[in-house]
Amino acid sequence: MRKLAVDVVVIGGGSTGAGVVRDVAMRGYSTVLVERADLGQGTTGRFHGLLHSGGRYVVSDPLSATECAQENAILTRIQSQAIETTGGYFVTGPDDDPAFADKFLEGAKATGVPAREISVAEALRNEPRLNRRILRAIEVEDGTVDGWQLVWGAANSAKAYGAQVLTYHRVTKIDTADGQVTAVHCTDLKSGEDVLIECGFVLNCAGPWAGQIAAMAGAHPVDVIPGRGIMIAMNHRLVNRVVNRCIYPADGDILVPVHTVSIIGTTDVKVDDPDDLAIEHAEVQQMLDAGEVLIPGFRSSRALHAWAGARPLIKDSRVSSSDTRHMSRGMAVIDHTTRDGLDGMLTIGGGKLTTYRLMAEHIVDAMCEKLGEKRPCRTADEAIPGSESGKNYVVTHRLEEREHDRLDDQIICECELMSRRMFTDALASQPKGTFDDLRRQLRLGMGPCQGGFCSMRATGIALESGHIDIERATGLLRLFLKNRWIGLWPILYGDQVRQTALDNWIFQGTLDVEHLPQPESEVAL
Amino acid sequence: MSRVVVIGAGLAGLVAANRLASAGVGVTLLTKGIGGLQLSQGTIDVLGYAPDRVTNPVLTLSAIASARPGHPYAAIGAAGVHTGIEYLKQLLPDLLVGDAEANYQLPTAVGAIRPTCLVQPSMVAGHLKDGAKVAVVGLRRLKDFHPALVAENLARTTLPDGGRLVARPVSVDVPARDAEVDSSGLTYARAFDDPAFRARFAAALKPLLGDGETVGLPAVLGLKDRTAWSDLADKLGHPVFEIPLPPPSVPGMRLNEALMASAKAAGVRVVNGTRAVSVRVEDGVVKGVTVATAGADREFTADAFVLAAGGFESGALALDSYGTVTETLFGLPLAGLDAGPLVHGDYWGPEQPLFSVGVRVAGDMRVLDGNGAVVHPNLYAAGGIIGGSSRWAEKSGDGIAVGSAVVAADSILEVLA
Amino acid sequence: MSHEGLEFAGHELARASLDACVKCTICETMCPVSAVTPLFSGPKFVGPQAERFRNGDSVDHSLDYCSSCGTCTLVCPQGVQIAELNSQARAVMKADHMPLRDKLIGQTVLMGKVMTPVAPIAKAALNNKPIRAMMEAVVKVHRDAPMPPPQGQTFEGWFRKRPKPSRTPTRGALVFFHGCAGGYFEVETSKKSVEVLEHLGYEVIVPKQGCCGLAQQSNGLFDQATASVLKLCDDLRAAGTDLTIISSSGSCTGMLKHEAHEIMGVTDDKLKDVGTRIRDIMEFLLDLHEAGELPTDFAPIDMTVPYHAPCQLKSQGMGMPAVEVLKLIPDLTVVESGAVCCGIAGTYGLKKEKYDIAQAVGRPLFEMVKKTNPDLALCDTETCRWQIEQSSGVKTEHPIFLVHRAYGLS
C-alpha cells in the first residue's frame, strides 16, 4: 500500500474538482486530486462546449446570468487557449413567441449581460444557414470552450503549485474518527495498488457521483438527481457563432460551434444512475427536429458522433424531482458539520462549467472559514500555463500549424490535423493512457472518419514508442474501435453510413482485424 | 450506339463492361468517379470465413449457396463464380494468380492472417509456412505501415496450417522524394517504379536482413512497373512479399487501371463524372438512365442496364435519419430489412444487419421483388448492391462482384442474341 | 469577390458537399500536382479536410499550388466538390493581396484586343527573350511559358467579311460561341467549326460576345468574373433564347455549364438558361451521331494521332466525345493520352513559381505525344494546345480540324 499525507483531498476530476484543486493549491495547502477515470471524462467532457454569456439565464435565473457574464470574461482571459470567442445569437424561431425577446433584453440589462438586438437580415448574413424565417435575433457574448483543455489547464496550474493529480484512482473508503474525516482510501485502477491518503479535509467534487462519495463518509444521503442530456456533433461548423433559441430554456435549443464541429444539445431525462448514459433513439430524433428549426436541412447534414452526459443537480425541494430542467443551476455547498455532525468535508453540487472557477472559490472559501484561516482566492488573477499570451483559440489554429510543419512531420489523424509529434508528446506524458485518454487531449479520431484511418497508425506508433507491448497495443486498438462505436451507432444515418461502410471495409475487409489473436481479457483502461 | 449501360466502375461494373464489350456489344459505362477497387486490398476474395477460416472457397460457397437461399452465392452459384474467376484471370494474366479451389493466407498490415483467393504475384511469398523467418520492413516516412505491429502480431499467431513463424520488425528510412516526411503509399509506389530508387532502397535494406529471411513490405512496390517487386527481390537476394495497406491501395490501383484499360480497348465508352440521378421506365421496361452532368442532364438509353453501383459505401444504398433504407437510383425493393434492428451497439459482436441489406437477384442477376418476381425485365444487378452477405467479414465481396458480373453479362448476351 | 457572395457560394454549394467526404484518398491518387511536388498538400487535405478548419483569415497559403484542373472533383466517387472548395478558399486568400500578374492574365479579351491589330509585333515581342525576361521580373509570368499566338485577323472579322455560304441551311439555326481565344488567337478552330456546322446544314449565328470570365475566376477574381459571365449570357441570349449554342472552346463551355454556378455561386436564371443550352462542338456531333443524324461520309485519314482530353472537358461529365466521333473517320487511329493533365490548367503553368511544376505534370503527356505522332496532336482546349505544342514541339490542333478535313472541307 502506498501512503500519502496532505492537507486536502479533492475527489473528482471534472471541472469542479480541477478548479478546486487549483484554488486549494494556490492558497498554499498541500493537496491531491483523486479521479476514478481520466480528467474530464465525466460530465465535463460530455457537454456541448458552450461558454455561457449568461444570456440563457437572464429571464429564468438572473443570479446565474450575472455570474456567467462575469466568469465568461475571467475565463476568456485566464484560459484563453481553451476558449474561442465566437459570440452568439439568441433567435426567435418562426413559431416562437416574439415577445420573449423583449423580456430577454430587459433581463439582460438588469443582470449586466451584454446583449444587443440586431436585424434578422444581419443575422442571416453572418450565419447564412440559419432558418430564414426567424423573427428576431439578439447578439450576445457566448463563447465555446474545450472542456478537456479547461480541466487539464486547471490541473496543470495546480501541479505547478505542488498539487498531485491521481487519475484512474477510485475512492473505496473514507475514514472518520470522532466525527472528523481523517483519510481517503483509493485503488490505483491501472496497477491494482491500494493508496491511503491521510488528510485533514475532503472536498467532494464528484458531481453526479457526489452522493456515492458522501455516503462513504457516513453522511446522510445526498440526493443527486442526474439529469441525462444527449449531444450530437455534426461534421462541420454549420454556424460559426453559438445559436440559441430565444425561448424559455428548453430541450434541444442550442447549436454550438466547437473546434471543427457543431454540437446540438441537449435533452434532459431524469435517470437513477449517473453511469446510465444510453443514447435513446427518441432523444436523437428530438435533437434532429430541434436542429431543423434552427438550420433547415439539419437532418440531411452529417452527424458524426453522439454522447450523453449527466448533470450534477442536487435535489431541490422547490421543484418536482422529475423535472430537472427547472432546478436551480446555482451551486449548492453542503456543510456536513451542520447536516451530519461530520467535520472536515464539504460537498459541492450543481453549477455549470462556465462558473467552475467561482464554484471552486466558494467551496474553498467555505473550507478556509471552517479551518479559521484567511487565505484569499487568487485564481481569477493568474493565467493558467499555456494561456499566458491571452490569445484565444481560433478554429484555424491547427491548419496554420500544419501549414508550417507539414513538410517536417506526419499527419496521423487527418480529419483533426493531429501531427505525429503531438501524439508522441502526449503519449510520453501519459504512457499508460488509452487512445481515448489521448483523444480527449488531441481530438484523435474525432473527425469524420471516426478513427477509420488514424487508429491503426496510433496503434503502431504507440507500440513503437516502447511504452506498451503488442498485447496491450492490439487491446487498445480494440478498445478504441469499440468506444468510437458507442457514439456512432445511435446516429448512424446519412453520410456517416458511407463512412462506416468504408471503415468496415478497411478494418474487416483489408486488415481482418477481428482475426488478430484474441485477448484473454479485453483491455479496459 | 450502346445496347447496354453499366452503372458503376468498381470490380463488378468493370468486369461486366469488359465481358459485354469483348463480345461485341456496345457498352457505355457511367460512373460518378473512380470505382472502389483502389479502396480494396487488391486481391480477389471469394470466401474467407464461413464463419471458420475457409481453405477451398468454391467448395464452401456451394455449401453456403444451398444452406442460405438469400445469400448472393445462392443466385450466382459455384459455376458462376468459377466462370468469373477464370474470366478475370484471363483479363489480368500478369496481375492475378491462384484459383478458386484454394485460398492464400496472407498477412495484413496489422499482422492478422487473412484468407484470399486470387493474389498478385508480388504477394505470393506471404503465404507463410511453419518455421518461416520473416523480416517485416517498414518505411519511416510511410505512416500506414508499422512493422512492429505486423511482426509482433504475426509472431504470436498460430498459422492456419498449424505451426508458428519467427517475425521481426525492420525500419529503413529511404525518402521517396526529398523534403517530405509524410509520403503516401502511392508516392512510394511511383518511386519504386524507378530502378534507381529500387537500387538505393535495396542497398539500404540488404545489410539489415538475416539468412533465410523472407521480406514483408508494404504493398507499394511499383505501380506501372509490374516487375518492380521481383527486381527488388533479385537485388536483395531474398524472397519478398507485399502487404496491402488501407487506401490508397496500390494493388487496387493496379487492378483498376488494368481493367479500365482493357474495357476501353474493348470499345467501352466510359463516361466519368456522371452521377445517375433518375431512370425512365415504360411498361416496366427500363428505357433510360439520366445523369447529372455539367449543364444539362443527359439521358443514356439502352436495351439492358447493369446496376453495379455498390452498396452503402458508395451511396447506392442509403439510410436516412428516420431509419428508412433506399436503393437510391431505381428505388428497388430491398431484402434484409425485416430482421429486427439494423444496427446494434456491440462493435465486436454479431455482424451489423444493415450492411447485409441489398437487392435480391434471380439466377440471371435480374432484380427480384419480395415475391420473387422480376422487377424490370432488362435490369440486372452486380456486386455490392446485392444483399444477403456480410461481404467484408466473410471476405466474399470480390467473388460476388465478379460472379454476378459475368452471369449478368452472359444473361444479357443471350437475350440480345 | 465580395465576402458575402463567397460565403453564399461556400455555404450553399461546395461546403455542403464536404459532408460526403469519406477520406478515401481517391482524389489524392489522381491529383497531377501532388504527384510531382510535395509543396501542394493534395486535394483531400486542402479541400474537405482543411475546409472544416476555415473561418475568417486564410492561413493555408500553400493551397495556391492547386492548379484548379478539377480532376479531384471528377474522380471523387462520393460527390465532393473538392476543386470548387479549393477555388473558393483561394479566392478568400487572394481577396487581400492579389498579385498584379493574376489580374493581368485574367484579362483575356483585353489582351486579345490589344494584340490583334499589331499581331506581328506582339508575336515578336512574346517570342523575344529579353522582353519575356522582363515580363517574368515584372509580372512573374515564366519566360518560357506558352503564350497565345496572336493572329492577323479576328474570328469576328473573318465571319463578317467572308463571302456568304453558298448552301442554304436545311437544319435550322445555331448560335456559335467562340470564346476569347477562339475570337482572337485560335481563329482557325472557330472558322473550321463554323464551316463544319454549315456543311451539316445549319445556319450559324455569331452574336457579338465578350469574355466568360474563366481566367478571372481561376485567379480568384470572382466579382469581375461574375460580371463577365453574366454579360456574356446576355450576349448569347441576344441571338435567341431557344437555340442550341455551340462552342469549340471547351474550357469556356465548362465555365458556362457549371463552374460559374458551382464555384462562384452565380444563380442567375440567364446563366442557367445558357448553361443548359450550350454544347461542346464534339459533344454536339456525337449527339447527332447517336440520333442517327450525322453524315458519316468521311474521307479516310490514314494516320495515328494522339488525343488528349483536357481536364476542363473531362469535368463536364460527357466522356470523350472527340474520341467517339473521330472513330467514325476511316483509317484514323486515335490514341487517347491517358494523361491526367497537361499542366497548364488555364493560367497556372504560365506563372513563374508554378512553371516547373506544370512542366513536370505534363511531361508524361509530352513524351507520349512525341512518341505517338511527332507531327500532330489533338486536344479540345486552347491553353492546353499551347502548352502541349510549346513543350513537346508537336503541332496541336482541335479535333474539329480532322472532322473538317474528313468532310473534304480542307
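Keep in mind that the numbers below use all heavy atoms, side chains included, and drop hydrogens, waters and symmetry copies. Chain naming here is simple, since letters A, B, ... match the order of the sequence lines and numbering starts at 1 in each.
In this structure, A:Phe435 and A:Asn483 have side chains that are not in contact, with every pair of non-hydrogen atoms separated by 4.5 Å or more. The shortest distance between side-chain heavy atoms of A:Phe480 and A:Leu444 falls below 4.5 Å.
Comment: C:Asp234 engages C:Lys270 in a salt bridge, judged by a side-chain N to carboxylate O separation of less than 4.0 angstrom. Ion pairing between A:Glu127 and A:Arg241 holds under the 4.0 Å rule for side-chain N and carboxylate O. A salt bridge is absent between A:Asp409 and A:Arg406: the closest approach of a Lys/Arg side-chain nitrogen to an acidic carboxylate oxygen does not fall below 4.0 angstrom.
For A:Ser301, the parts lying under 4.5 angstrom from a heavy atom of chain C are both the backbone and the side chain. Within the 4.5 angstrom heavy-atom criterion, atoms from both the backbone and the side chain of A:Gln499 approach chain C.
Ranked by heavy-atom pairs under 4.5 Å with chain A, the list C:Val59, C:Leu63, C:Thr25 is led by C:Val59. When the candidates A:Leu417, A:Val394, A:Leu502, A:Val261 are compared by the number of heavy-atom contacts under 4.5 Å with chain C, A:Leu417 comes out ahead. When A:Arg402, A:Glu416, A:Arg398 are compared by the number of non-hydrogen pairs under 4.5 Å with chain C, A:Glu416 comes out ahead. Counting heavy-atom pairs closer than 4.5 Å to chain A, the top residue among C:Cys24, C:Pro48, C:Ser41 is C:Ser41.
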